Protein chains: 2
Amino acid sequence: MSSRRDAVHDTLRQSEGFRSAQDVYAEMRQTGAKIGLTTVYRALQALADHGKVDVLRNDDGESVYRACATGEHHHHLVCRRCGHTVEVAGPDVERWAETVGAEHGFTEVTHTVEVFGTCSSCSTPVGAG
Amino acid sequence: MSSRRDAVHDTLRQSEGFRSAQDVYAEMRQTGAKIGLTTVYRALQALADHGKVDVLRNDDGESVYRACATGEHHHHLVCRRCGHTVEVAGPDVERWAETVGAEHGFTEVTHTVEVFGTCSSCSTPVGAG
DNA sequence: CCGGGAAATGAAAATGGTTGTCAAAATCGC
DNA sequence: GCGATTTTGACAACCATTTTCATTTCCCGG
């Protein structure tokens with residue numbers, strides 16, 4: 001078994017936003033952990049493979065990971081500024097995806113939905129223009 | 001003469017699915033076009049920048065492009081097997097995204113939605129299994 | 001405790017898509 | 001025709017990710 005994998009998982013849990021493999025690696029080294037980049041990548045992939053963490057691609061095409069509160073299917077509302085992430089459920093969206101797929105004769109329909117915005121803490125305080 | 005950018009755009013229009021920059025480059029060379037990889041990338045970026053083509057990332061993290069019928073905001077229903085793509089509108093999803101964002105105090109909400117599935121032509125004809 | 005082997009680890013090289021560099025060619029204006 | 005500007009394209013540079021391969025660790029049996 002890999003205690004390294006747990007270490008990676010634990011590091012991810014300390015962050016509330018999505019982190020890249022490189023980020024996780026850098027952070028672990030900062031905390032004094034002895035671990036290689038390769039192992040971080042492998043741990044992250046294994047974790048994602050087991051549904052322990054969620055993965056998505058940022059605008060740069062990098063894979064970013066996050067230890068989510070639930071293994072259930074859900075989506076994310078991510079702040080563009082601070083990376084703060086909220087897990088959201090969207091039954092309507094699930095239904096919509098299924099419906100759209102069915103209308104066009106598609107089966108085994110899956111979907112990716114991510115919502116980005118600026119959270120209240122990061123919103124520019126309007127009033128002074 | 002028309003610029004290489006038009007040639008790239010035209011090549012993209014011949015395909016009904018999303019194509020990577022490398023794909024477009026390879027195809028153009030096959031048709032005898034004299035063009036460099038760099039130019040294809042630049043043309044694609046410029047086209048995407050002007051809203052002439054849509055861009056998204058495939059599972060490998062590559063950027064893939066498609067010349068869409070409309071410049072309006074829309075989503076895609078893509079076949080995993082043949083790449084056949086259907087443009088779909090989802091007013092409900094737009095609303096949902098806005099609502100979810102608002103509920104959590106997020107502003108300037110945007111979203112990415114892609115639906116994948118197997119189209120009727122590619123569905124395995126069950127019966128003898 | 002000791003030895004063998006499979007799995008895990010990690011440093012470095014390889015891979016591959018994408019971007020940057022820079023000189024040559026095409027284009028435009030005069 | 002000439003020079004300035006833009007476009008082009010071969011190639012190097014980048015950088016995240018993967019692969020390679022030797023070493024280390026851990027488990028199991030003796």
Side-chain angles (χ1 to χ4, degrees), chain A residues 1-12 15 17-67 76 78 80 83 112 114, chain B residues 1-12 15 17-67 76 78 80 83 112 114:
Chain A
M1 276 317 186
S2 47
S3 56
R4 299 286 176 280
R5 196 160 96 186
D6 289 335
V8 169
H9 195 180
D10 196 55
T11 298
L12 219 45
S15 178
F18 281 87
R19 308 293 300 275
S20 72
Q22 308 272 351
D23 279 346
V24 174
Y25 171 66
E27 184 156 323
M28 290 185 78
R29 299 289 290 205
Q30 276 188 19
T31 64
K34 286 287 189 179
I35 193 171
L37 222 200
T38 308
T39 303
V40 172
Y41 271 101
R42 274 192 292 235
L44 250 16
Q45 289 171 344
L47 249 13
D49 203 49
H50 287 99
K52 301 292 179 52
V53 303
D54 277 3
V55 199
L56 60 84
R57 300 264 181 178
N58 67 13
D59 284 343
D60 290 332
E62 297 172 277
S63 292
V64 287
Y65 306 80
R66 180 168 192 268
H76 299 100
V78 187
R80 316 193 98 99
T112 65
E114 303 301 337
Chain B
M1 72 171 315
S2 50
S3 64
R4 300 285 177 280
R5 195 160 94 185
D6 288 333
V8 170
H9 194 180
D10 196 55
T11 298
L12 217 47
S15 178
F18 281 86
R19 309 292 301 276
S20 71
Q22 308 270 349
D23 279 346
V24 174
Y25 171 67
E27 184 157 323
M28 292 185 76
R29 299 290 291 206
Q30 276 187 19
T31 64
K34 287 286 189 178
I35 192 171
L37 222 201
T38 308
T39 304
V40 173
Y41 272 102
R42 273 192 292 235
L44 251 16
Q45 290 172 343
L47 250 12
D49 203 48
H50 286 100
K52 301 294 178 53
V53 303
D54 276 3
V55 200
L56 59 84
R57 301 266 182 178
N58 67 13
D59 284 343
D60 291 331
E62 296 173 275
S63 292
V64 288
Y65 305 81
R66 180 167 190 270
H76 299 100
V78 187
R80 315 194 99 99
T112 65
E114 302 301 337

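Numbers restart at 1 for each chain; the letters A, B, ... are given by sequence-line order, proteins then strands. Note that the coordinates shown come from a computational prediction; the quantities given were computed from them, not determined experimentally. Just so you know, these numbers use all the heavy atoms, side chains as well, and skip hydrogens, waters and symmetry mates.
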Choosing from [options], which nucleotide comes nearest the side chain of [X]?
| X | options | answer |
| --- | --- | --- |
| A/R29 | D/dT17, C/dA11, D/dT18 | C/dA11 |
| B/Y41 | D/dT17, C/dT19, C/dA12 | C/dT19 |
| A/T38 | D/dT8, C/dG17, D/dT19 | D/dT19 |

- request: Would you kindly compare A/L37 and B/G36 by the position of their nearest DNA chain D nucleotide and give the one closer to the 5′ end?
  value: B/G36
N/O (side chain, [X]) to phosphate O (OP1/OP2, [N]) under 4.0 Å:
| X | N | value |
| --- | --- | --- |
| B/R4 | D/dG9 | yes |
| B/Q45 | C/dT19 | yes |
| B/S63 | C/dT18 | yes |

task: With the side chain counted from C-beta on, respond yes when B/R4 and B/M28 share a heavy-atom pair under 4.5 Å apart, and no when they do not.
output: no
- request: Would you mind reporting whether B/L56 and B/T112 have side-chain heavy atoms less than 4.5 Å apart?
  value: no
[atom1] of [X] versus [atom2] of [N]: gap in Å, rounded?
| X | N | atom1 | atom2 | value |
| --- | --- | --- | --- | --- |
| A/D6 | D/dC26 | CG | P | 14 Å |
| B/D60 | C/dG17 | CG | P | 9 Å |
| A/F18 | D/dA16 | CZ | P | 19 Å |
| B/R5 | D/dT6 | CZ | C1' | 12 Å |
| A/N58 | D/dA16 | CG | P | 10 Å |
| A/D59 | D/dA16 | CG | P | 15 Å |
| A/L44 | D/dT17 | CG | C1' | 12 Å |
| A/R57 | C/dG17 | CZ | C1' | 11 Å |

query: So, the side chain of B/N58 versus the backbone of B/D60: is there a donor-acceptor pair under 3.5 Å, distance only?
result: yes
query: Reckon B/S20 touches a base, only the sugar-phosphate, or nothing at all at heavy-atom distances under 4.0 Å?
result: nothing
message: Can you work out whether B/R42 or B/G61 has the more 5'-proximal nearest nucleotide on DNA chain C?
response: B/G61
field: Pairs satisfying ring-ring contact (aromatic ring centres under 6.0 Å, His included), at least one member in residues 47-67 of chain B, at least two apart
entry: none
query: Which residue, B/L12, B/V55, B/V64, forms the side-chain contact (heavy atoms from CB on, under 4.5 Å) with B/F18?
result: B/V64
